[in-house]
Amino acid sequence: GAAGARLYSDGGADAVWALDAGSVRAATGNSSAAWLVQFYSSWCGHCIHYAPVWRALARDVRDWASAIRVAVLDCAAEENYDTCKDYGIHFYPTFRYFKAFTKEFTIGENYKAGIDREPQTVRQTMIDFLQNHTQGNRPPACPSLDPVTSSDIYPLLENSGGRYIAILFESNNSYVGREVILDLIQYKNIVVKRALNSDKAFLKKLGVTSIPSCYLIYPNGSHGLINILKPLRSFFSSYLKSLPGVRKKMFSQFPFTVKPNKDDNSEITVWREFDKSKLYMADLESGLHYLLRVELASHKTLEGAELKTFRNFITVIAKLFPGRQPVVKLLETLQEWLVSLPLDKIPYNAILDLVNNKMRISGIFLTNHVKWVGCQGSRPELRGYTCSLWKLFHTLTVQAVVRPKALANTGFEDNPQVVLKIMREYIGTFFGCRECAQHFEEMAKESMDSVKTLDEAILWLWKIHNIVNNRLAGQPSEDLKFPKVQWPTQDLCPDCHEEIKGLDSWNEVQVLTFLKHHYGIKNILFKYAE
Ligand code: FAD
């Protein structure tokens, strides 16, 4: 399955809590800490690019763990499919906050998500989220993050209670004080508070002339401003942590079992030898399986634009998919059922029933697991589904030319953009990688309308795919065993390349011929397809 290497490792190395189907509910339900969980997909390029940032964030707030925890759950791992469905995850990455002490099952809150995912911004939303707890359900490890006033502070100056009390003076919109409070929650013999710079007379009395600054009351009752090189969170926190007598408390890091991370090589997946000049039915069918049973199945019901998109997609694919009988039959059955149905809202389970139904006996069957061949990655999180999706749509653009009559009476006859249209709708509506969808939509908006023939549609998709290849070259999602290249390469199609004024250039006539051959029925191998 999709199990194996993950973007995140458990056990503290990343400081990210790697959750899975078995642990997510126990972890986030009725927890003494709040949680911030990133539901990601290991095949989503943006999730891969983002992983270093998420790890950096988790490291940065590692000491906050008894109040709020940074976690991940991989929705592309087969064992997590159902869980991600339960949590209503349609797009990756999706960020959800879970409050402490939630008794009932909750899918979490999309709390201030999606503006900017820089560690500092996320860290501040974590603080806001903690402050959004009611008095009663705030994590016990989290002290009050609200500012104290001069009347709170006066008595402390008289009696510190035998420990350090640090007071961060800052402006109302500064997060430094709250960050330092949380940085110190695992330390004993010290209490940190924040105060605003509003009571000018009080500030003057204490000698506070700039903000943020830290006023320290010592266990013996003396007090004064501390001297710090730079008025930054990390400077304040490390100073306070290193005070004599301040010690870290024991904190049980992992109160529930988290599956140990397998290292990259521990899982022996059999490498299937393949010929990159061929197209493998196993890839196309695995992609269809994933699309129908996993990607779409994350939607509990289809209605409105979603239903229309799905109907159009199935209509075209049922007519153009150059597949084996049982698969084509399944698509046709689905299509007839969708067309005959007068409903404007369909529970996705009804579709799943149909897809899973009957099986081989009635001659209707689609493989129910993924087996990548030409789309194998050198690691399990690379290539796979998105590779198969490209191949599927390229194949359909070629079939639209080869079978001009297939779409008669569907409403799509004589539409040169038919395949591009259903692809654009599908990607825009359902494709889990939202940034991918956005980029694709931008390109479609810009130039899809220039497509006037079915041949031009083949070439348009080829060009767009090369633009994407170009953008992704050198990115962390690139599988170095299958580097991003301008495709087809010289070795696959020498005729496609020619030199113009000393520069490698495309001969588009040759490219079209090559694409029709490469994505044509005669080039499909059934090896590994079952
Ligand atoms: P893929 O690019 O998936 O290509 C699959 C196969 O198609 C190749 O192995 C090759 O045989 C063939 N091929 C390659 N180029 C062409 C071409 N120009 N014309 C015809 N056939 C070709 N990932 C991101 O990280 N960011 C994104 O913004 C992004 N946008 C995407 C948008 C769409 C619509 C899709 C379907 C995927 C997107 N992806 C994105 C995923 C990314 O494009 C790749 O699918 C993924 O990185 C796996 O790459 P791959 O090496 O398997 O080759």
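The residues of the chain are indexed from 1 along the displayed sequence. Counting starts at 1 for both ligands and their atoms, following the listed order.
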Go through the side-chain N and O atoms of Thr125 and Tyr97 and say whether any donor and acceptor fall under 3.5 Å apart.
yes
Please list all pairs meeting salt bridge (Lys or Arg N to Asp or Glu O under 4.0 Å) that have one or both residues in residues 310-339, counting only residues at least two apart or in different chains.
Glu285-Arg324
Does anything in residues 428-440 form a salt bridge (Lys or Arg N to Asp or Glu O under 4.0 Å)? List the pairs, not counting sequence neighbours.
Arg117-Glu435
Between Cys44 and Cys433, does the SG-SG distance stay under 2.5 Å?
no
With a distance cut-off below 6.0 Å to the six-membered ring centre and an angular limit of 45° from the axis, does Arg424 pair with Phe440 as a cation-pi contact?
no
Enumerate, one pair per line, all nitrogen or oxygen atoms of ligand 1 lying under 3.5 Å from a protein nitrogen or oxygen, stating the separation to 0.1 Å; write 'none' if no such pair exists.
| unit_1 | atom_1 | unit_2 | atom_2 | d |
| --- | --- | --- | --- | --- |
| ligand 1 | 2 (O) | His465 | NE2 | 2.7 |
| ligand 1 | 2 (O) | Asn469 | OD1 | 3.4 |
| ligand 1 | 4 (O) | His465 | NE2 | 3.2 |
| ligand 1 | 9 (O) | Arg383 | NH2 | 3.1 |
| ligand 1 | 15 (N) | Asn469 | ND2 | 3.0 |
| ligand 1 | 18 (N) | Trp462 | O | 3.0 |
| ligand 1 | 18 (N) | Asn466 | N | 3.4 |
| ligand 1 | 18 (N) | Asn466 | OD1 | 3.0 |
| ligand 1 | 21 (N) | His394 | NE2 | 3.4 |
| ligand 1 | 21 (N) | Tyr519 | OH | 2.7 |
| ligand 1 | 28 (O) | His439 | ND1 | 3.2 |
| ligand 1 | 28 (O) | Arg471 | NH2 | 2.6 |
| ligand 1 | 43 (O) | Trp390 | NE1 | 2.9 |
| ligand 1 | 45 (O) | Thr386 | OG1 | 2.8 |
| ligand 1 | 45 (O) | Trp390 | NE1 | 3.4 |
| ligand 1 | 47 (O) | Lys484 | NZ | 2.8 |
| ligand 1 | 49 (O) | Lys484 | NZ | 2.7 |
| ligand 1 | 51 (O) | Arg383 | NE | 3.2 |
| ligand 1 | 51 (O) | Lys484 | NZ | 3.4 |
| ligand 1 | 52 (O) | Arg383 | NE | 2.7 |
| ligand 1 | 52 (O) | Arg383 | NH2 | 3.4 |

Applied to residues 379-414, the disulfide bond (SG atoms under 2.5 Å apart) test, sequence neighbours excluded, yields Cys375-Cys387
